[in-house]
Amino acid sequence: MPQGQPAVVPDDGLTTRQRRNRPLVVVHTGIGKGKSTAAFGLALRGWTQGWPIGVFQFVKSAKWKVGEEHALKVLGASGKGGSVAWHKMGEGWSWVQRDRQLSNEDAAREGWEQVKRDLAAQTYRLYVLDEFAYPMHWGWVDTDEVVRVLRERPGTQHVVVTGRNAPQALVELADLVTDMTKVKHPMDAGQKGQRGIEW
């Protein structure tokens, strides 16, 4: 793709600008490392553009302090780019009463319900649905509904979904899909994750 020129110009009736600014569904899947990291990199780019960013972590524990979370929250509070809202399933989601006990499955469903509400309200310009492929793969959230909601979302909202085993229907809907493959990983040689690399 020389000089950023597309290989194909579709006959879709859109101008170059309209086609360039279409909202995207992005999927980062596969067994390799870097799916969430790449999504958070997109969040940094969106923040720089002044976009409101919504991060929804569907599987990772609330106790796990991810480096990108701190960085994006600081940037969001700086007033120099877009706002950043960060929600974790492991905390029971910020909009669910703290004393309510939810199973992981219930929490994932509640998180998806909130994402649907935010998409309908056009709350964010970029949504990072981190590890959201897992609740679909496990049957906790209906993939057909997810595909329908994402296809019909209003406005110019970009959505990034990460996680292994992304369902085929989601892959087919997506505009950009990256399958992270593992060639080597330190864990294969018995080395545990380390600060600054894994978190």
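As the structure is a computational prediction, the values presented were derived from the model and not from experiment.
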Kindly indicate whether the side chain of [X], heavy atoms from C-beta on, has any atom under 4.5 Å from the side chain of [Y].
X: His158; Y: Arg125; value: yes
X: Gln114; Y: His87; value: no
X: Glu68; Y: Val55; value: no
X: Thr156; Y: Asn21; value: no
X: Arg17; Y: Arg20; value: no
X: Leu150; Y: Leu170; value: yes
X: Gln49; Y: Leu126; value: no
X: Lys35; Y: Arg164; value: yes

On a heavy-atom basis, which atom in [X] and which in [Y] lie closest, and how many Å separate them?
X: Ile53; Y: Gly46; value: CD1-C, 4.0 Å
X: Glu145; Y: Asp142; value: N-OD2, 2.8 Å
X: Val128; Y: Ala43; value: CG2-CB, 4.3 Å
X: Pro23; Y: Asp175; value: O-OD2, 3.9 Å
X: Val141; Y: Ala108; value: CG2-O, 4.2 Å
X: Ala120; Y: Pro154; value: O-CG, 4.1 Å

Arg19 CZ: over 12 foreign heavy atoms closer than 6.0 Å: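 More than 12 heavy atoms, drawn from other residues, nucleotides or ligands, come within 6.0 Å of this atom.
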Would you say that more than 12 heavy atoms from the other residues, nucleotides or ligands in this model lie under 6.0 Å from the NE2 of His185, or not?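 Check passes, neighbour count above 12.
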Report the C-alpha separation of Val149 and Val115 in whole Å, then their side-chain angles, then the decisive distance to 0.1 Å, and conclude whether the side-chain contact (heavy atoms from CB on, under 4.5 Å) test is met. CA-CA 10 Å; Val149 168; Val115 170; over 6 Å; no
So Lys80 and Trp47, side-chain contact (heavy atoms from CB on, under 4.5 Å) or not? Walk me through it. CA-CA 9 Å; Lys80 296 184 180 187; Trp47 173 84; 4.2 Å; yes
Is Met180 reachable from Val177 through a run of hydrophobic residues whose side-chain heavy atoms are each under 4.5 Å from the next? no
Common cluster, Leu176/Leu44, ILVMFWY with side-chain heavy-atom separation under 4.5 Å: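 Leu176 and Leu44: one cluster.
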In terms of side-chain geometry, is the basic nitrogen of Glu131 or Lys88 positioned less than 4.0 Å from the acidic oxygen of its partner?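 Salt bridge: no.
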So does Glu105 pair up with Arg109, basic N to acidic O under 4.0 Å? yes
side-chain contact (heavy atoms from CB on, under 4.5 Å) between Asn104 and Trp140: does it pass, once the steps are laid out? CA-CA 9 Å; Asn104 285 341; Trp140 293 357; 3.6 Å; yes
Nearest 0.5 Å, please: how far is [atom2] in [Y] from [atom1] in [X]?
X: Leu75; Y: Thr48; atom1: CG; atom2: OG1; result: 8.0 Å
X: Ile31; Y: Thr181; atom1: CD1; atom2: OG1; result: 7.5 Å
X: Met136; Y: Thr143; atom1: CE; atom2: OG1; result: 5.5 Å

Please tell me whether Asp179 and Thr29 have a donor and an acceptor in their side chains that are separated by less than 3.5 angstrom. no
Which word best sums up how the rings of Phe132 and Phe58 line up, parallel for under 30°, tilted for 30 to 60°, or perpendicular for over 60°?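 Tilted, since the angle between the ring planes falls between 30° and 60°.
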So if I apply the ring pair (Phe, Tyr, Trp, His ring centres under 6.0 Å) rule between Trp86 and each of Phe40, Phe56, Tyr127, Tyr124, which one comes out positive?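 Of all the options given, the one that passes is Phe40.
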